[in-house]
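Note sheet for the following structure.
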Amino acid sequence: MAEIPFEALLIGLESTAGTGVEPTHYLPLAGSLNPAVERYRPDEARGTLVEAYRSKIVRQWGEWSGEGPLETYTLPVLLNMVATGNMTGQPTTPGGATNSRLWTFVPVITSNDLKTATIFWGDRNTQMFEGNYATVDELTITADASGTDGSSISVNGHTQFPGYSTFTVTGISKANPGVVTTSAAHGLAAGEKVRLINVGGMIEVNDRIFTVASPSGSNFSLSGVNTTAYTTYTSGGTVEKVAPAFPAILNAPLITGAAMQMWLDTDESIGTTEITGRLISAEHVIPVNYGYKYLAVGPDGSKTYSRVGRGKRSATTRVTLELTDLEQYKLFVDGSIVKLRIRHNGDLIEGSLYHYVQVDTYGPLTFTDWGELEGTNRTLTLEVVSQYDTTLGADWSIAVQNDRTAL
């Protein structure tokens, strides 16, 4: 049984959509990967009160989600799946910088260039579940300067059905280390975890977890395990893939709502008019709007989706301001098209350059709600639902500044 403290959520961007890859990044999020099925249950008149007599699985898929701190190291990985997957030439180095790197994500609006991923979730000591062709359905960034929690992200999406990999054992040598032979090429990588079950003869290896070493074709070694004194292998057995080789954990600086900045412009270039001493909270909701295609696959084909399609979408940024004047409310009343920039700042990198996540949203300013701050001041919540901007060539964008030269 999996131990919750050891569960992890891992990700690797796929070069070819639907072709699984090994994980390259931890996602510092609390989340899960859940299997889902849909059954055909025909209506039948059989003269009884039983509603269903037969059923058959017609669709299988996975649903993944995660929630955790907003930070600048793994967000660019997710933005390949949300904003743009065309990272040619990224990142750039800001003027005068040595360590700072700027990642800029402007959505492509004439084609679908978004990356898919392989998602891994579970406990490496018992079982990890793997979902290929992973997509993001929606990404949300939330920050609140009036609270004590840090800024956060939540993300959810789909994967193909999260099955598990097994291989038939045909032999295990008595050696140091012992070498396992499978009936076909296994594709395992060095460092991955496997479990051996139902092995005949060499019962000492049954229901144990081993680390793969020196994988080649249909052979691999049991890292650090001397099987010389074990009982001789006779027949049978199965190799279950338990976990991939884990990537290094990256610890990015945390971001809190108190360090936010806001700019609200109309005719000027975005980032010209800063609004200071007013911003309480901000939320960005970015849908991807995928459609999942289930096609005929024959009697032995997988019942999971094999293609995806993209629909139109818009991003929404919602801000809450202390109502000390009516300047922003007037922009709403006048029907102004605005350029809203929210920068979520983290720690200093060098000079005057900080870790940050910057969200630019273009469109009409809309009234959402009146509220209150600490029971003493009225607040105003406004939002911008993104609309095409001719200068940007899109309707929203995200920039991430950190000190990493690669994803």
Q) Is the closest side-chain heavy-atom distance between Thr135 and Tyr292 below 4.5 Å? A) yes
Q | 4.5 Å side-chain heavy-atom contact, Thr181 and Tyr233 | A | no
Q) Less than 4.5 Å apart, any side-chain heavy atom of Leu380 and any of Trp370? A) yes
Q) Does any N or O in the side chain of Glu71 come within less than 3.5 Å of the main-chain N or O of Tyr73, such that one atom is a donor and the other an acceptor? A) yes
Q. Do Tyr133 and Thr304 pass the side chain to side chain donor-acceptor pair (under 3.5 Å) test, and can you show the C-alpha distance, the side-chain angles, and the key distance before you say yes or no?
A. CA-CA 10 Å; Tyr133 216 143; Thr304 194; over 6 Å; no
Q: Apply the test side-chain contact (heavy atoms from CB on, under 4.5 Å) to residues Lys303 and Val58: give CA-CA distance (whole Å), side-chain angles for both, the deciding distance (0.1 Å), then the verdict.
A: CA-CA 6 Å; Lys303 297 177 178 65; Val58 293; 5.7 Å; no
Q: Please examine the side chains of Asn377 and Thr379, heavy atoms only from C-beta on, and report whether any two atoms are closer than 4.5 Å.
A: no
Q. Got a donor-acceptor contact below 3.5 angstrom from the Tyr362 side chain to the Ile270 backbone?
A. no
Q: May I ask you to check whether Ser100 and Glu350 show a side-chain donor-acceptor distance below 3.5 Å?
A: yes
Q: Taking Thr227 for its side chain and Ser173 for its backbone only, find out whether a donor-acceptor pair lies under 3.5 Å.
A: yes
Q.
Let me confirm one number: the CD-CD1 distance from Gln387 to Ile337, rounded to the nearest 0.5 Å.
A. 4.5 Å
**Q.** Tyr294 and Tyr305 aromatic ring geometry - parallel, tilted or perpendicular at 30°/60° bounds
**A.** perpendicular
Q. Can you tell me how far CD of Gln358 sits from CH2 of Trp263, rounded to the nearest 0.5 angstrom?
A. 6.5 Å
(Q) Within the structure provided, determine whether Leu13 and Met81 are in side-chain contact (heavy-atom separation under 4.5 Å). (A) yes
Q.
Other residues, nucleotides and ligands only: do more than 12 of their heavy atoms fall within 6.0 Å of CZ on Arg41?
A. no
(Q) Looking only at side-chain N and O atoms, does Thr19 offer a donor or acceptor that is under 3.5 Å from a partner on Glu14? (A) no
Q) Looking only at side chains, do Ser386 and Asp395 share a donor and an acceptor under 3.5 Å apart? A) yes
Q.
Between Thr142 and Asp144, does the side-chain contact (heavy atoms from CB on, under 4.5 Å) criterion hold? Intermediate values first, please.
A. CA-CA 7 Å; Thr142 305; Asp144 187 349; 5.7 Å; no
Q: Look only at the side chain of Asn99 and the backbone of Asp403, and say whether a donor-acceptor pair between them is shorter than 3.5 Å.
A: no
Q) Do side-chain atoms of Ser221 reach the backbone of Ser223 as a donor and acceptor pair under 3.5 angstrom? A) no
Q) Do you know which two heavy atoms are closest between Gly85 and Lys115, and how far apart they sit? A) O-CE, 3.6 Å
Q: Please determine which of Leu407, Leu78, Leu10 meets the side-chain contact (heavy atoms from CB on, under 4.5 Å) test together with His25.
A: Leu407
Q: For Gln160 and Ser306, work out which heavy atoms get closest and say how close.
A: NE2-CA, 4.2 Å
(Q) For the backbone of Tyr354 and the side chain of Gln401, can you confirm whether one donor and one acceptor N or O come within less than 3.5 Å of each other? (A) yes
Q: Taking Asp389 for its side chain and Leu392 for its backbone only, find out whether a donor-acceptor pair lies under 3.5 Å.
A: yes
Q.
Looking only at the side chains, is there a donor atom on one of Lys339 and Thr266 sitting less than 3.5 Å from an acceptor on the other?
A. no
Q: For the residue pair His158 and Trp61, categorise the inter-ring angle as parallel (less than 30°), tilted (30 to 60°) or perpendicular (more than 60°).
A: parallel
Q: Quick one: pull up CD in Glu240 and CD1 in Ile209 and give me the separation to the nearest 0.5 Å.
A: 9.5 Å
Q: Say whether, by atom type as modelled, one donor and one acceptor occur between the side chain of Asn206 and the main chain of Asn198 under 3.5 angstrom.
A: yes
**Q.** Heavy-atom check, side chain of Thr211 versus side chain of Lys193, under 4.5 Å
**A.** yes
**Q.** Which atom of Pro91 lies closest to which atom of Arg101, heavy atoms considered
**A.** CG-CB, 3.7 Å
Q) Is there side-chain contact between Met260 and His344, with heavy atoms separated by less than 4.5 Å? A) yes
Q.
Quick check for you: to the nearest 0.5 Å, what is the distance between Asp360 atom CG and Thr104 atom OG1?
A. 10.0 Å
Q | Backbone N/O of Glu372 and side chain of Arg378: donor-acceptor pair under 3.5 Å | A | no
Q: Would you please test Thr126 and Val242 for side-chain contact (heavy atoms from CB on, under 4.5 Å) and show each step?
A: CA-CA 6 Å; Thr126 54; Val242 176; 5.7 Å; no
Q: Taking all non-hydrogen atoms of both residues into account, name the closest pair between Leu9 and Gly66 and its distance.
A: CD2-CA, 4.4 Å
Q: Mark yes when over 12 heavy atoms from residues, nucleotides or ligands other than Arg310 sit less than 6.0 Å from its CZ; otherwise mark no.
A: yes
Q. Are the side chain of Glu274 and the backbone N or O of Leu264 linked by a donor-acceptor pair below 3.5 Å?
A. no
Q: Would you name the heavy atoms of Asn345 and Arg343 that are closest together and state the gap between them?
A: OD1-CD, 3.3 Å
Q. Between the side chains of Thr381 and Thr320, is a donor N or O closer than 3.5 angstrom to an acceptor N or O?
A. yes
**Q.** Test side-chain contact (heavy atoms from CB on, under 4.5 Å) applied to Ile57 and Phe161, step by step
**A.** CA-CA 12 Å; Ile57 293 176; Phe161 190 71; over 6 Å; no
Q.
Is it true that, when you exclude Tyr40 itself, more than 12 heavy atoms of the residues, nucleotides or ligands shown sit nearer than 6.0 Å to its OH?
A. no
(Q) A quick test of your reading: do over 12 heavy atoms of other residues, nucleotides or ligands sit less than 6.0 Å from CZ of Arg54? (A) no
Q.
Less than 4.5 Å apart, side chain to side chain, heavy atoms only: is that true for Pro107 and Arg313?
A. yes
Q. Roughly how far, to the nearest 0.5 Å, is CG of Leu340 from CG of Leu382?
A. 9.5 Å
Q. Between Trp396 and Val82, which heavy-atom pair has the shortest distance, and what is it?
A. CH2-O, 4.1 Å
Q. Above 12 or not: heavy atoms from other molecules or residues under 6.0 Å from CZ of Phe6?
A. no
Q. If you round to the nearest 0.5 Å, how far is OG1 of Thr182 from CZ of Phe220?
A. 7.0 Å
